Protein chains: 2
Amino acid sequence: MMTSASTEVSPPDADLLRVLADPLRLRIVTLLARETLCTTHLVEETGARQTNLSNHLRVLREAGVVETAPCGRFTYYTLRPDVLAALAGSFTELAEAARTTYENDRKRPCP
Amino acid sequence: MMTSASTEVSPPDADLLRVLADPLRLRIVTLLARETLCTTHLVEETGARQTNLSNHLRVLREAGVVETAPCGRFTYYTLRPDVLAALAGSFTELAEAARTTYENDRKRPCP
DNA sequence: CTTTCACATCAGCGTTGACTGACACCAGCC
DNA sequence: GGCTGGTGTCAGTCAACGCTGATGTGAAAG
């Protein structure tokens, strides 16, 4: 059984999108999707300064996108898969709703 | 058959994400996913000024997210489903890669 | 214990981007 | 034709955000 509002979709989180919309942060996320890395690796992969990366990593951490794991003097950053999966689900719902609206020409009449 | 780089994922477009990261634009997209609307409807739904909406709709149009269809004095806006579907696919790939990395503890060793 | 290295934090600067008001344009209605 | 209402465009203003340099901290190496 479905909930009461069948046409209501759960929209993607705007704050999470804002976090991922930055080119450097998106690059970090893409790199972390393949393997867990520490800041030193990210510096040599992206070419950005350490301070700059640290700031962006803090944004990603506060948004719940990445987790930190200290290892000696290094700090490893791991991507949290569930956050990205939820985002993918939201966009899938949105795309399906849009496709239904598009194919059925569902439009609100002029006032 | 797959392309040569099997570990390479196609990352989401940063520009498209930047367009969707704005709260008002995301609200517009969510509304348009349910039904095709014209600017007047969006004004009463969102409470924003007409000028403000027109600017955001231009951004969405130039990003290829929406299509316009003039109808008398009104202009209808329709969401393009394929753009959202592609975005959902990118995030799904990214989430799956992140899950594999997470479960297998795949990490690059300290230098 | 001192030094070195990885990383985080802070204040400052420059740029981008969102919102607004005024204006121009086009399609119907009188 | 004149008028009204729906939309797009433009210049200006202000807040938000990203980048940087300096500084602090904590852990390993010597």
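Per chain, numbering begins at 1; letters A, B, ... match sequence-line order. In this text, all values refer to a predicted model and were calculated from it rather than measured experimentally.
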*Asks:* Tabulate atom names and distances for all N/O pairs under 3.5 angstrom spanning the protein and nucleotides 21-28 of chain C.
*Replies:*
residue: C/dG21; atom: OP2; partner: B/Arg49; partner atom: NH1; Å: 2.7

*Asks:* If I take atom CG in residue A/Leu60 and atom C1' in nucleotide C/dC7, what distance separates them, rounded to the nearest angstrom?
*Replies:*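 Interatomic distance, CG of A/Leu60 to C1' of C/dC7: 16 Å.
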*Asks:* For the pair made of CD in A/Glu62 and C1' in C/dT9, what is the distance, rounded to whole Å?
*Replies:*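 Atom-to-atom, A/Glu62 to C/dT9, this comes out as 12 Å.
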*Asks:* Students often get this wrong, so: under 4.0 angstrom with heavy atoms, is B/Ser54 touching a base, only sugar-phosphate, or nothing?
*Replies:*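 If one applies the 4.0 Å heavy-atom cut-off, B/Ser54 turns out to touch a base.
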*Asks:* Taking only residues at least two apart or on different chains, which pairs with a member in residues 31-58 of chain A satisfy ring pair (Phe, Tyr, Trp, His ring centres under 6.0 Å)?
*Replies:*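 Matches after skipping sequence neighbours: none remain.
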*Asks:* Please give, in whole Å, the distance from C/dC7 P to A/His56 NE2?
*Replies:*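 That distance rounds to 16 Å.
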*Asks:* Under 4.0 Å, heavy atoms only, any strand: does A/Thr75 hit a base, just the sugar-phosphate, or nothing?
*Replies:*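 Sugar-phosphate contact only - A/Thr75 comes under 4.0 Å of backbone atoms but never of a base.
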*Asks:* Starting at atom CG of B/Asn52, determine the distance to atom P of C/dG17, rounded to an integer number of angstrom.
*Replies:*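 The answer, rounded to whole Å, is 16 Å.
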*Asks:* Write down the distance between CG (B/Leu57) and P (C/dC19), rounded to a whole number of angstrom.
*Replies:*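 Rounding to the nearest Å, CG of B/Leu57 and P of C/dC19 are 12 Å apart.
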*Asks:* Check the distance between C/dA6's P and A/Leu37's CG and give it to me in whole angstrom.
*Replies:*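 Between P of C/dA6 and CG of A/Leu37: 15 Å.
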*Asks:* Provide the closest heavy-atom pair for A/Leu26 versus B/Asp13 in the form atom of the first, atom of the second, distance.
*Replies:*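 Here A/Leu26 and B/Asp13 meet closest at CD2-C, 4.5 Å.
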*Asks:* Return no unless some side-chain N or O of B/Thr40 is found under 4.0 Å from OP1 or OP2 of D/dG6.
*Replies:*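 Answer no for this pair, as no side-chain N or O of B/Thr40 is under 4.0 Å from OP1 or OP2.
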*Asks:* Specify the closest pair of heavy atoms between B/Leu20 and A/Leu17, including all atoms of both residues, with the distance to one decimal.
*Replies:*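 In this case the closest contact between B/Leu20 and A/Leu17 is O-CD1, 3.6 Å.
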*Asks:* Distance-only criterion, 3.5 Å: show the donor-acceptor pairs between side-chain atoms of residues 96-103 of chain B and protein atoms not counting sequence neighbours.
*Replies:*
residue: B/Thr100; atom: OG1; partner: B/Glu96; partner atom: O; Å: 3.1
residue: B/Thr101; atom: OG1; partner: A/Ala33; partner atom: O; Å: 2.6
residue: B/Thr101; atom: OG1; partner: A/Arg34; partner atom: O; Å: 2.9
residue: B/Thr101; atom: OG1; partner: B/Ala97; partner atom: O; Å: 3.1

*Asks:* With A/Ser54, which residues qualify under side chain to side chain contact (heavy atoms under 4.5 Å, CB included), at least two apart?
*Replies:*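 So A/Ser54 forms a side chain to side chain contact (heavy atoms under 4.5 Å, CB included) with A/Gln50.
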*Asks:* Closest heavy-atom contact between A/Val43 and A/Ala48?
*Replies:*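 So the two residues come closest at CG1-O, 3.7 Å.
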*Asks:* Expressed as a whole number of angstroms, how long is the span from A/His41:NE2 to C/dA6:C1'?
*Replies:*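 Spelled out: NE2 on A/His41 to C1' on C/dA6 is 12 Å.
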*Asks:* Where do B/Ala14 and A/Pro23 come nearest, in terms of heavy atoms and distance?
*Replies:*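 Minimum heavy-atom separation between B/Ala14 and A/Pro23: CB-CA, 4.4 Å.
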*Asks:* Could you tabulate the donor-acceptor pairs under 3.5 Å formed by side-chain atoms of residues 61-86 of chain B, not counting sequence neighbours?
*Replies:*
residue: B/Tyr76; atom: OH; partner: A/Arg108; partner atom: O; Å: 2.7
residue: B/Tyr76; atom: OH; partner: A/Cys110; partner atom: N; Å: 3.3
residue: B/Arg80; atom: NH2; partner: B/Asp82; partner atom: OD2; Å: 3.2

*Asks:* Which residues in residues 16-26 of chain A have at least one heavy atom lying under 4.0 Å from any atom of DNA chain D?
*Replies:*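 Heavy-atom cutoff 4.0 Å gives A/Arg18, A/Asp22, A/Arg25.
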*Asks:* Tell me if a side-chain donor or acceptor on A/Asp22 pairs with a main-chain N or O of A/Leu24 at a distance below 3.5 Å.
*Replies:*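 Pair found, side chain donor or acceptor close to backbone of A/Leu24.
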*Asks:* Establish, with yes or no, whether the OP1 or OP2 oxygen of C/dA6 is under 4.0 angstrom from a side-chain nitrogen or oxygen of A/Tyr76.
*Replies:*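 So the side-chain polar atoms of A/Tyr76 never come under 4.0 Å of the phosphate oxygens OP1 or OP2 of C/dA6.
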*Asks:* D/dT9 C1' sits how many Å from B/Leu53 CG, rounded?
*Replies:*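 Rounded to the whole Å, the gap is 15 Å.
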